[in-house]
Student: 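Okay, here's the structure, questions in a sec.
Each chain gets a letter, A, B and so on, in the order its sequence line appears, and its residues count up from 1.
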Amino acid sequence: MVVSGFIKDTFAASRLVKFSTDSRFINVDYSHHILLHIENPNGFTWNAVMRAHLACGSSREGEEIHTHVLKLGFGSDVFVLNTMINMYFVCGEMGNARKLFEEGAVLDSVSWNSILAGYVQMGDVEEATLIFKRMEEKNLIASNSMIALLGKAGRVGNACKLFDEMLVRDVVSWTAMVSCYEQNEMFEEALVMFSRMNGEGVSVDEVVLVSVISACSNLLAVREGKLIHGICIRNGIESYVNLHNALIHMYSSCREINESRKLFDSGQLLDQISWNSMISGYMKCGSIEEARKLFDSMPERDVVSWSAMISGYAQHDRFVETLELFNEMQRGEVRPDETTLVSVVSACAHLVALDQGKWTHAYIKKNNFEINSVLGTTLIDMYMKCGCVENALEVFYGMKERGVSSWNAIIVGLAVNGLVEESLEKFSEMSNHGVAPNEITFMGVEPNVKHYGCMVDLLGRAGLLEEAEELIGTMPMAPDVATWGALLGACKKHGDTKMGERVGRTLIELQPDHDGFHVLLSNIYASKGMWEDVIEVRGIMRHQGVMKTPGCSLIEADGVVHEFLAGDTAHPLMKDIDRMLDEVAVRLKMHGYAPATNEVSLDIDEEEKETSLYRHSEKLAIAFGIISIKPPTPIRIMKNLRICEDCHAAAKAISKVFEREIVVRDRHRFHHFRHGSCSCKDYW
DNA sequence: ATAGGGTTAG
């Protein structure tokens with residue numbers, strides 16, 4: 001369209017500008033061109049021009065026009081003002097937008113909504129909330145956008161409250177709530193919200209349907225999915241392509257891949273996402289060959305199509321095909337991206353294909369791919385599985401951002417490669433970096449609350465009491481008695497009365513009938529001369545009828561199981577055992593081992609301490625073992641509790657001096673003592 | 001005329 005001469009009709013000119021911005025041929029220059037030919041541009045015109053700048057995101061030229069607008073006196077046109085606010089925040093200049101807003105002589109509800117929308121789009125909850133609070137009239141649009149913002153910020157409670165307080169709600173308000181739940185992985189609540197919405201007779205649209213179908217996919221709720229599919233059909237919007245794709249995805253997530261295929265075959269409107277969804281659907285359902293057929297027949301393959309196939313092969317342990325397809329991909333036009341490479345590196349890790357792995361790493365570096373948290377973690381895993389600790393560390397140190405998985409990969413990898421100390425070092429480094437460990441951090445096998453217990457114990461023994469307590473605070477499950485017990489023991493050992501008291505009281509609450517914790521707490525008080533507290537704890541014990549159960553060890557000799565209790569003298573061979581204990585003491589002393597007289601026993605009363613030091617059940621059992629179990633059979637002792645520290649020292653000494661192998665099994669693991677050392681160095 | 005909600009593929 002050519003504009004010649006001046007346009008007298010301002011309205012027509014403005015429409016022309018608007019056309020240039022609304023049409024697909026957004027063109028700032030063209031709108032300027034028209035502007036030059038307009039005799040009397042009005043607010044409408046300037047607004048249209050501002051919109052052109054808004055659409056192009058060119059704030060510098062926008063500012064020029066802004067100045068011009070002010071000069072001509074259109075600064076007080078509220079439409080122009082609002083569009084300028086909008087333009088500035090689209091260009092990321094909230095400062096300018098805010099300045100306009102605060103200085104604006106005429107503000108209407110749209111101005112308020114616009115400035116609010118700016119902060120909402122930036123995700124700035126604090127500023128948005130301030131603006132929202134300042135609004136005299138909390139209109140529908142502002143409330144809706146606040147709900148969406150709160151949802152994205154994870155503040156579900158605040159979003160609900162706002163929603164409940166609204167006097168008028170429309171489909172957008174409900175959609176904001178549905179998606180608020182969804183984004184916070186509260187999928188059931190999202191469905192409930194949708195059915196409440198239906199109950200109130202609010203008419204649905206494709207936006208809310210797409211959102212709620214996604215909730216069904218996540219819940220694998222195919223029954224509800226089908227109901228919603230029916231709603232789509234009744235509303236005549238089932239062929240809306242996004243909705244169509246969401247349904248295809250929903251059915252394949254629920255393993256009804258044939259339903260997906262029906263939709264796929266019936267769809268007049270298929271896009272790239274439809275094809276890719278179908279392929280990944282087949283992969284998810286294990287129909288690898290069907291996925292391949294579809295892939296081979298695709299009119300156009302993008303990086304997602306390739307990645308879907310490559311990662312599908314990797315997820316089904318078809319690693320050779322993973323690498324083959326990746327090689328085929330490189331012969332074509334489509335470039336892989338970070339996600340593709342994760343699958344490839346992961347396949348290398350499983351195949352322990354170090355050469356291909358190294359090649360892929362080099363490829364990543366050469367092509368300047370960003371080694372993000374996921375890709376870096378996969379590389380670390382690959383190198384660790386191949387035993388290349390140095391390469392893994394190099395990747396680790398080169399990473400900009402490290403998630404908890406990255407730390408896990410390095411901690412577990414080091415441990416698996418036998419570098420236990422380095423692994424533990426990384427563990428404490430992880431805490432220093434403010435990354436909370438998860439279950440996997442505590443080894444690749446059977447991660448559970450016990451691993452926390454071990455780690456708390458380990459940290460506690462090293463005197464890192466605060467770290468140990470912090471670790472308990474980050475546990476994803478409720479800390480059990482053993483975990484708190486480990487920390488209490490550490491408090492006792494390192495003389496932290498304050499923490500010990502806190503932990504001891506927690507424990508007593510948790511398990512009021514446990515004898516050991518009462519005694520331990522009372523011992524902690526006793527060691528600090530806090531006699532009144534000692535008396536109180538002893539009083540609680542008496543009051544609750546808590547009896548101290550003695551420690552117990554079992555040992556088998558000639559097919560007979562012998563039981564020893566701490567302080568127990570009932571065994572028929574007790575005289576021999578006593579004699580042997582004396583001999584043990586003498587021989588140990590001869591070899592320079594000091595008798596453990598200054599060790600305070602953890603589970604024995606103060607007054608019993610003197611007499612029972614050598615009557616710990618394990619020590620009795622060891623003495624008995626030396627008498628009854630002929631070498632070279634190891635002396636095998638079973639403890640139903642954790643073996644205590646002075647016993648451990650004794651076992652080490654005895655294994656050396658008496659040249660006997662001793663195996664103690666507590667409820668966590670086996671402890672082997674040979675030639676004066678223990679197998680589990682990491683533990684003690 | 002200007003302001004609000006969403007999702008689907010690796």
Side-chain angles (χ1 to χ4, degrees), chain A residues 11 14-15 17-18 21-22 42-51 54 77-87 89 108-118 120-121 139-149 151-152 169-180 182-183 190 205-218 240-253 260 271-284 291 295 301-315 336-343 374:
Chain A
F11 182 74
S14 303
R15 292 300 295 243
V17 174
K18 184 170 161 16
T21 62
D22 283 354
N42 61 11
F44 189 94
T45 324
W46 289 110
N47 188 40
V49 175
M50 290 310 297
R51 284 198 50 183
L54 190 159
D77 183 313
V78 70
F79 288 101
V80 177
L81 176 77
N82 293 343
T83 305
M84 284 194 300
I85 290 174
N86 201 6
M87 177 206 69
F89 82 63
D108 62 4
S109 65
V110 179
S111 324
W112 283 90
N113 293 345
S114 296
I115 194 76
L116 181 67
V120 167
Q121 286 188 17
N139 65 62
L140 181 64
I141 289 176
S143 302
N144 289 346
S145 75
M146 275 306 289
I147 291 176
L149 174 65
K152 286 194 185 83
R169 304 180 190 112
D170 65 2
V171 63
V172 177
S173 329
W174 288 95
T175 312
M177 274 314 294
V178 169
S179 103
C180 162
E182 191 158 11
Q183 283 166 341
D205 66 5
E206 72 281 357
V207 177
V208 73
L209 286 168
V210 161
S211 190
V212 79
I213 288 168
S214 157
C216 295
S217 307
N218 282 297
Y240 177 81
V241 68
N242 290 355
L243 201 48
H244 202 81
N245 292 340
L247 285 166
I248 290 175
H249 176 249
M250 185 274 292
Y251 281 119
S252 66
S253 296
S260 300
D271 62 7
Q272 194 64 30
I273 294 182
S274 323
W275 283 86
N276 293 342
S277 293
M278 211 50 230
I279 288 182
S280 74
Y282 276 129
M283 278 299 190
K284 204 179 289 170
F295 177 78
R301 296 174 199 153
D302 64 7
V303 62
V304 179
S305 328
W306 285 95
S307 298
M309 285 303 299
I310 289 173
S311 82
Y313 279 133
Q315 275 158 21
D337 66 8
E338 284 83 358
T339 315
T340 323
L341 293 163
V342 167
S343 301
V374 180

Student: Can you name the closest pair of heavy atoms from Ser280(A) and Ala308(A) and give their distance?
Tutor: CB-CB, 4.5 Å

Student: Of the nucleotides dA9(B), dG10(B), dG4(B), which one has an atom closest to the side chain of Asn276(A)?
Tutor: dA9(B)

Student: Establish, with yes or no, whether the OP1 or OP2 oxygen of dA3(B) is under 4.0 angstrom from a side-chain nitrogen or oxygen of Ser114(A).
Tutor: no

Student: Looking only at the side chain of Val110(A) (C-beta and beyond, no hydrogens), which of the listed nucleotides dT7(B), dA3(B), dA9(B) gets closest?
Tutor: dA3(B)

Student: Can you tell me which nucleotide in dA3(B), dT8(B), dG5(B) comes closest to the side chain of Val207(A)?
Tutor: dG5(B)

Student: Indicate whether OP1 or OP2 belonging to dA3(B) is found under 4.0 Å from a side-chain N or O atom of Asn86(A).
Tutor: yes

Student: Apply ring pair (Phe, Tyr, Trp, His ring centres under 6.0 Å) to Tyr251(A) and list each qualifying residue two or more places apart in sequence or on a separate chain.
Tutor: His229(A)

Student: Classify the nucleic acid contact of Val303(A) as base, sugar-phosphate or nothing, counting any heavy atom under 4.0 Å across all strands shown.
Tutor: base

Student: Taking any heavy-atom pair under 4.0 Å as a contact, classify Tyr282(A): base, sugar-phosphate, or nothing.
Tutor: nothing

Student: Taking side-chain hydrogen bond (donor to acceptor under 3.5 Å, both in side chains) as the test, write out the residues that go with Ser114(A), two or more places apart.
Tutor: none

Student: What integer distance in Å separates Leu140(A):CG from dG5(B):P?
Tutor: 12 Å

Student: Please identify each residue that fulfils side-chain contact (heavy atoms from CB on, under 4.5 Å) with Asp170(A), with sequence neighbours left out.
Tutor: Leu140(A), Asn144(A), Val172(A), Ser173(A)

Student: I want to verify a distance call: between dT8(B), dG4(B), dA9(B), whose nearest atom is closest to the Ala246(A) side chain?
Tutor: dT8(B)

Student: Could you work out, with side-chain contact (heavy atoms from CB on, under 4.5 Å) as the rule, every residue matching Phe295(A), not counting sequence neighbours?
Tutor: Ile279(A), Arg292(A), Met298(A), Arg301(A), Ser305(A), Trp306(A), Met309(A), Leu325(A)

Student: Figure out the CD/C1' separation between Glu206(A) and dT8(B), and round it to whole Å.
Tutor: 14 Å

Student: Could you tell me the separation between the CE atom of Met177(A) and the C1' atom of dG4(B), rounded to a whole number of Å?
Tutor: 15 Å

Student: Checking all strands, does Lys152(A) fall into the base, sugar-phosphate, or nothing category for heavy-atom contacts under 4.0 angstrom?
Tutor: sugar-phosphate

Student: Please determine whether a side-chain nitrogen or oxygen atom of Thr175(A) lies at a distance below 4.0 Å from atom OP1 or OP2 of dG6(B).
Tutor: no

Student: Atom CD1 of Ile279(A) and atom P of dT8(B): how far apart are they, to the nearest Å?
Tutor: 18 Å

Student: Under the rule for side-chain contact (heavy atoms from CB on, under 4.5 Å), what residues qualify as partners of Glu338(A), not counting sequence neighbours?
Tutor: Phe369(A), Glu370(A), Asn372(A), Leu375(A)

Student: Of the non-hydrogen atoms in Met250(A) and Cys216(A), which two are nearest, and what is the gap between them?
Tutor: CG-CB, 4.0 Å

Student: Once rounded to the nearest 0.5 Å, what's the spacing between atom OG1 of Thr175(A) and atom CD of Glu206(A)?
Tutor: 9.5 Å

Student: Give the rounded distance in Å between these two atoms: CG of Leu116(A) and C1' of dG5(B).
Tutor: 14 Å

Student: Just to be sure I understand the rule, does Asp271(A) reach a base, reach only the sugar-phosphate, or reach nothing, if contact means heavy atoms closer than 4.0 Å?
Tutor: nothing

Student: Where along residues 304-315 of chain A does a heavy atom fall under 4.0 Å from DNA chain B?
Tutor: Val304(A), Ser307(A), Ala308(A), Ser311(A)

Student: Atom CE of Met87(A) to atom C1' of dA3(B): distance rounded to whole Å?
Tutor: 16 Å

Student: Using a cut-off of 4.0 Å on non-hydrogen atoms, how would the nucleic acid contact of Asn139(A) be classed: base, sugar-phosphate, or nothing?
Tutor: nothing

Student: So which nucleotide from dG10(B), dA3(B), dT8(B) ends up closest to the side chain of Ser214(A)?
Tutor: dT8(B)

Student: For Val171(A), report the nucleic acid contact type (base, sugar-phosphate, nothing); a contact means any heavy atom under 4.0 Å.
Tutor: base

Student: Over how many whole Å does the gap from Met84(A) atom CE to dA1(B) atom C1' extend?
Tutor: 14 Å

Student: It should be established whether Gln121(A) places a side-chain nitrogen or oxygen under 4.0 Å from OP1 or OP2 of nucleotide dG4(B).
Tutor: yes

Student: Which is true for Gln183(A) with a 4.0 Å heavy-atom rule: it touches a base, it touches only sugar-phosphate, or it touches nothing?
Tutor: sugar-phosphate

Student: Taking CG from Leu209(A) and P from dT8(B), how many angstroms apart are they, rounded to a whole number?
Tutor: 14 Å

